[in-house]
Amino acid sequence: MSQKLRTQVAIIGSGPAGLLLSELLRKAGIDAWVIDRQSRVHIEARIRAGVLEWGTVEALREAGVGARMDREGMVHSGFEMCFDGHRHRIDLAGLVDKKVMVYGQTELTKDLIAQRLDSGAPIVFSASNVQIDNVTSSAPRVRYEQAGKAHVLECDYVAGCDGFHGVARQTIPADVLKTYERVYPFGWLGVLVDRPPVAEELIYANGARGFALCSMRSATRSRYYLQCGLDDNIENWSDDRFFDELEKRLGSETAQNLQRGSSIEKSIAPLRSFVAEPMRYGAMFLAGDAAHIVPPTGAKGLNLAVADVRVLARAMIQSYQQGNTAYLERYSEICLKRVWKVERFSWYMSQLLHQFPEATPFERKMQAAEFDYLTQSESACRSIAENYVGLPLQM
Ligand code: FAS
Ligand code: PHB
């Protein structure tokens, strides 16, 4: 016998998208349930993004979880791009009068989960067999099992915040859903190490041996990435081999400040560009990775998820508080305008910064010419800067 429950918004997924949406709605007095198939421990152990656009910072503060971010996060006014050992700084503050915050996705996820649990608002971990029904009727619902019991959650709306491999996007019929995809011929091997970062700001480097990224989580914890083959695996990469290769890709001048250490996390992520249209189907709204994926080269995945949620939260609040459903009707149109521009930027940065196995000598010359142009053109750098800090949110 299923236990029957009722809420206003059923949110599938307790990643940044689902958690932020639930807390923005709760602040507005709107009832929501968050349902995730993973355990809290699993969710809080995931190492993902590290750079927050200022719009993301403001949304987290609005949701009430900005305190630890403001205390422990690092505000950056620029980052560097390095081509064949030549470094060029993109002066975000000077070019577009904006900055970014370096604060791990892992940490903001913990902050959001802690606040939700403290509030006593519903959040269900380790749910199984999550299914979404009747989203084109007046009685949408979510079914799931947990601890051996079956549950039915009746709701007004369903928010599909369940990531790329979730169930929500699959609820949209094949003759309605249109997808666009590019899979890149390489992945990113990421390492987390408790050593001070090689430089004060992020360095994105492209050299003959491939891409490398130097990022960080704090003044004593660094996050490094190397472009690797699609068939590669972490067993091939001892810490020594990783740091030897990182040194070669950074060049001796930068590498002299590199502090080696034992990795506390090592993983390989594939790179893809992906968009699903529409982002709304009946009473169901897709947000975050459930609707789109970007290669992490532009530091956009998390930030694009937050942008969707800021639009969705405002639309739902307008609907409940003013009876105005116009923004809900236009949700997909509003979000996709930003999604495609962010897909473009992430694709552009990936094309510029990676060694493509099938690239012709002409294409490699185009990369070098693009970088040379960047170093000479303030306008070109301003274009990168305005995308990196985050395009304005347009409702
Ligand atoms: P998430 O994938 O974070 O969350 C979805 C949630 O839904 C998960 O908790 C999952 O357990 C749950 N779920 C899935 N299916 C379900 C089901 N059927 N029922 C219930 N729950 C279900 N972005 C960057 O900007 N920089 C990076 O460096 C970066 N690195 C990344 C590395 C990896 C390995 C991955 C996978 C992504 C990375 N990203 C990065 C992108 C990442 O940060 C995402 O953009 C961000 O997590 C998006 O958040 P959500 O949309 O909430 O999706
Ligand atoms: C990270 O710190 O994990 C990070 C930073 C910037 C990116 C991608 C990943 O573009």
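Computed from a prediction, not measured in an experiment: that's the story for all the values here. Counting starts at 1 for both ligands and their atoms, in listed order.
- Here's the thing with Phe164: none of its N/O atoms is less than 3.5 angstrom from an N/O atom of ligand 1.
- Not a single N or O atom of Gly288, backbone or side chain, sits closer than 3.5 Å to an N or O atom of ligand 1.
- Every heavy atom of His42 sits 4.0 Å or more from the atoms of ligand 1.
- Numbered from 1 in the order shown, with element, the atoms of ligand 1 that lie under 4.0 Å from a heavy atom of Gly163 read 2 (O), 5 (C), 53 (O).
- Proximity of Arg217 to ligand 2, defined as any heavy-atom pair under 4.0 Å, is confined to the side chain (atoms from C-beta onward).
- Of the residues listed (Trp188, Phe186, Tyr224), the one engaging Phe211 in a ring-ring contact (aromatic ring centres under 6.0 Å, His included) is Trp188, and it is the only one.
- Listed by number with element, the atoms of ligand 1 under 4.0 Å from a non-hydrogen atom of Val167 are 18 (N).
- In terms of protein heavy atoms, atom 5 (C) of ligand 1 is closest to Cys161 O, 3.5 Å.
- Side chain to side chain, Ser267 and Glu265 meet the donor-acceptor criterion of an N or O pair below 3.5 Å.
- Counting only heavy atoms of the protein, atom 6 (C) of ligand 2 lies nearest to Tyr204 OH, 3.3 Å.
- Per-residue contacts place Gly166 under 4.0 angstrom from the following atoms of ligand 1 (heavy atoms of the residue considered): 15 (N).
- Proximity to Ala269 (heavy-atom distance under 4.0 Å) selects the following atoms of ligand 1: 34 (C).
- Residue contact check for ligand 2: Tyr224 places no non-hydrogen atom closer than 4.0 Å to it.
- Of the protein's non-hydrogen atoms, Ala49 CB, 4.1 Å is the one closest to atom 40 (C) of ligand 1.
- In this model, a donor atom of one side chain and an acceptor atom of the other lie less than 3.5 Å apart for Arg87 and Thr254.
- Atoms of ligand 2 lying under 4.0 Å from any heavy atom of Arg48, numbered from 1 in the order shown and given with element: 3 (O).
- For Trp188, every heavy-atom contact with ligand 2 shorter than 4.0 Å involves the side chain, none the backbone.
- The shortest N/O to N/O separation between Leu302 and ligand 1 falls below 3.5 Å.
- Set against the non-hydrogen atoms of Gln38, the atoms of ligand 1 under 4.0 Å away are 11 (O).
- Side-chain atoms of Tyr184 and Arg182 include no donor-acceptor pair closer than 3.5 Å.
- Of all atoms in ligand 1, numbered sequentially from 1 with element shown, those under 4.0 Å from a heavy atom of Ile12 are 19 (N), 20 (C).
- Looking at ligand 1, you'll find an N or O of Asp289 within less than 3.5 Å of one of its N or O atoms.
- The closest protein non-hydrogen atom to atom 25 (O) of ligand 1 is Gly301 N, 3.2 Å.
- Heavy-atom proximity to Leu213, at under 4.0 Å, picks out these atoms of ligand 2: 6 (C), 7 (C), 8 (C), 9 (C).
- Within the structure, the closest approach of Trp188 to ligand 1 does not fall below 4.0 Å when heavy atoms are considered.
- The atoms of ligand 1 that sit less than 4.0 Å from any heavy atom of Ile35 are 20 (C), 21 (N).
- When only non-hydrogen protein atoms are considered, atom 28 (O) of ligand 1 lies nearest to Tyr225 OH, 3.5 Å.
- From the protein, the heavy atom lying nearest to atom 8 (C) of ligand 2 is Pro296 O, 3.3 Å.
- In this structure, Arg241 does not pair ionically with Glu245, as no charged nitrogen and carboxylate oxygen lie closer than 4.0 Å.
- Side-chain contact check for Asp156 and Tyr320: at least one donor-acceptor pair (N or O, by modelled atom type) lies under 3.5 Å.
- Closest to atom 3 (O) of ligand 2 among all protein heavy atoms lies Tyr225 OH, 2.6 Å.
- Side-chain atoms of Glu343 and Ser346 include no donor-acceptor pair closer than 3.5 Å.
- Atoms of ligand 1 found under 4.0 Å from any heavy atom of Gly15 (numbered from 1 in listed order, with element): 4 (O), 6 (C), 9 (O), 52 (O).
- Within the structure, the closest approach of Gln105 to ligand 2 does not fall below 4.0 Å when heavy atoms are considered.
- The single protein non-hydrogen atom nearest to atom 49 (O) of ligand 1 is Pro16 CD, 3.5 Å, given as residue, atom name and distance.
- Atoms of ligand 2 found under 4.0 Å from any heavy atom of Thr297 (numbered from 1 in listed order, with element): 10 (O).
- In terms of protein heavy-atom proximity, atom 11 (O) of ligand 1 is closest to Asp36 OD1, 2.7 Å.
- Considering each of Arg46, Gln105, Arg48, Glu53, the one bringing a non-hydrogen atom nearest atom 43 (O) of ligand 1 is Gln105.
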